[in-house]
Number of protein chains: 2
Amino acid sequence: MYECNNQPGRSMDILQSFWRLKKAIMAQVKQIAHNHELSVPQFGILITMSHKGKITQKTLQERTHFPKSTLSHAIDGLVLNGYLMRTPVEGNRREMDLSLSEAGHQLIKDIQSQPDSVHTRLTHAVNSFSEEQFNALIDMHQHIAAYLEDGDIQ
Amino acid sequence: MYECNNQPGRSMDILQSFWRLKKAIMAQVKQIAHNHELSVPQFGILITMSHKGKITQKTLQERTHFPKSTLSHAIDGLVLNGYLMRTPVEGNRREMDLSLSEAGHQLIKDIQSQPDSVHTRLTHAVNSFSEEQFNALIDMHQHIAAYLEDGDIQ
DNA sequence: ATAGAACTGTTCAAAAATGAACTATTAATG
DNA sequence: CATTAATAGTTCATTTTTGAACAGTTCTAT
């Protein structure tokens with residue numbers, strides 16, 4: 001298609017830069033999750049559910065890419081703590097419908113508004129970005145993620 | 001500084017976007033690492049070491065933010081497989097000096113040039129970005145990471 | 001010098017995350 | 001229909017990662 005190595009540093013640069021960012025964000029995620037007695041996957045589930053209403057466990061798996069067993073365990077815990085509601089889907093004795101309980105919504109709000117949460121810190125970190133910059137960042141992330149996810153299938 | 005919540009969606013957007021990207025990249029990392037009988041931390045160490053020459057284990061810890069025990073185990077394995085050289089630092093019976101062996105350098109090259117490695121895929125994913133876009137992405141990552149890392153100290 | 005504090009790296013036990021085998025249900029095929 | 005294949009979710013064993021206690025070394029302040 002074209003020369004791959006005309007910018008030989010790019011892949012290493014992006015990987016190192018991403019790795020550092022990942023470490024920084026995940027450190028905060030772990031701390032906040034731990035403060036609320038959540039595992040990291042559980043936190044991830046809450047993030048994902050925060051916009052969705054009712055969603056099937058299968059669909060949640062497609063969204064989050066968590067292994068089935070990880071999901072099952074994490075959901076168990078969330079249900080046990082009353083953050084998530086799990087009901088069999090209507091006319092189907094196999095699939096499970098999931099939705100955030102009132103407590104679940106409240107938990108997310110609490111975390112978001114907590115002054116030392118990832119959310120708050122990220123908001124601050126990103127505060128100096130212009131609307132264009134911010135959107136460009138999100139777009140590039142999505143572009144890369146979509147590309148990599150595609151690659152898995154082929 | 002100014003109103004934090006004028007863009008209430010930002011933190012959630014960035015977190016979801018980042019989470020998705022993280023999943024996509026880490027899935028590839030795990031696969032490549034596994035193919036070469038490496039753990040994820042070991043892969044991370046190689047990434048970090050690829051630019052450095054001789055570096056102290058303590059310094060490596062500061063760079064990678066891996067827990068001491070994780071580092072110790074991961075390094076053990078790398079030394080055992082001949083990818084890393086570990087020698088006591090001159091005139092200091094406590095600290096350890098680390099450097100990539102010839103085999104270690106070779107391994108990194110192999111991985112980088114493999115057509116299905118994260119490196120290659122990332123390079124492709126990022127190929128449509130202009131120089132400015134790419135640099136902006138890296139800069140924003142660094143900015144966010146630096147901000148979050150600072151927060152830890154305070 | 002010397003006692004105590006601080007620091008680097010290892011070890012070992014515990015916690016977190018995952019893969020693989022399994023159960024129960026639904027869909028597909030002859 | 002009945003039999004086989006495919007699917008959703010759970011369970012259990014294993015792997016991976018991590019925290020905490022530890023051993024040995026260096027630094028600090030008397």
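Letters A, B, ... are given to chains in the order of the sequence lines, protein chains preceding strands, and every chain is numbered from 1. Just so you know, these numbers use all the heavy atoms, side chains as well, and skip hydrogens, waters and symmetry mates.
- With contacts defined as side-chain heavy-atom distances shorter than 4.5 Å, the pair F43(A)/V118(A) qualifies.
- Taking for each of R93(A) and M96(B) the nucleotide of DNA chain C with the nearest heavy atom, the 5'-most of the two is the partner of M96(B).
- Sequence order on DNA chain C of the closest nucleotides to G91(A) and I75(B) puts I75(B) first from the 5' end.
- Spacing between atom CD of Q31(A) and atom P of dT18(D) amounts to 15 Å, rounded to whole angstrom units.
- Contact check for I25(B) versus L15(A): side-chain heavy atoms found under the 4.5 Å cut-off.
- What separates CG of L60(A) from P of dT10(D) is a distance of 12 Å, to the nearest Å.
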Pairwise N/O distances under 3.5 Å, protein to nucleotides 16-20 of chain C:
residue : atom : partner : partner atom : Å
dT18(C) : OP1  : K30(B)  : NZ           : 3.1
dT18(C) : OP2  : T70(A)  : OG1          : 3.2
dG19(C) : N7   : S69(A)  : OG           : 2.9
dG19(C) : O6   : S69(A)  : OG           : 3.0

Provide a list of protein-nucleic acid N or O atom pairs under 3.5 angstrom, restricted to nucleotides 2-7 of chain D.
residue : atom : partner : partner atom : Å
dT7(D)  : O2   : R94(A)  : NH1          : 2.1

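- In this structure, CG of N92(B) is placed 10 Å from C1' of dC7(C), rounded to the nearest angstrom.
- At least one side-chain nitrogen or oxygen of Q57(A) sits closer than 4.0 Å to the OP1 or OP2 atom of dT10(D).
- When the C1' atom of dT16(D) is taken as reference, atom CE of M26(B) falls 12 Å away, rounded to whole Å.
- In summary, the side chains of T120(B) and T123(B) do not present any donor paired with an acceptor at a separation below 3.5 Å, with no hydrogens or angles considered.
- Counting non-hydrogen atoms of other residues, nucleotides and ligands closer than 6.0 Å to CD of E62(B) gives a total above 12.
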Stepwise salt bridge (charged side-chain N to carboxylate O under 4.0 Å, His left out) check, R20(B) with E149(A): CA-CA 10 Å; R20(B) 182 178 169 207; E149(A) 284 165 6; 3.0 Å; yes

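- In this structure, CD1 of I45(A) is placed 12 Å from P of dG9(D), rounded to the nearest angstrom.
- Using a 3.5 Å distance cut-off with no hydrogens or angles, the side chains of D110(A) and Q106(A) do pair a donor with an acceptor.
- Between W19(A) and F66(B), the ring planes are perpendicular. Angles over 60° get that label, and only those under 30° would be called parallel.
- Aromatic ring centres of Y83(A) and H105(A) lie farther apart than the 6.0 Å criterion allows.
- Put simply, the residue from D97(B), D76(B), L78(B) that forms a side-chain contact (heavy atoms from CB on, under 4.5 Å) with R86(B) is D76(B).
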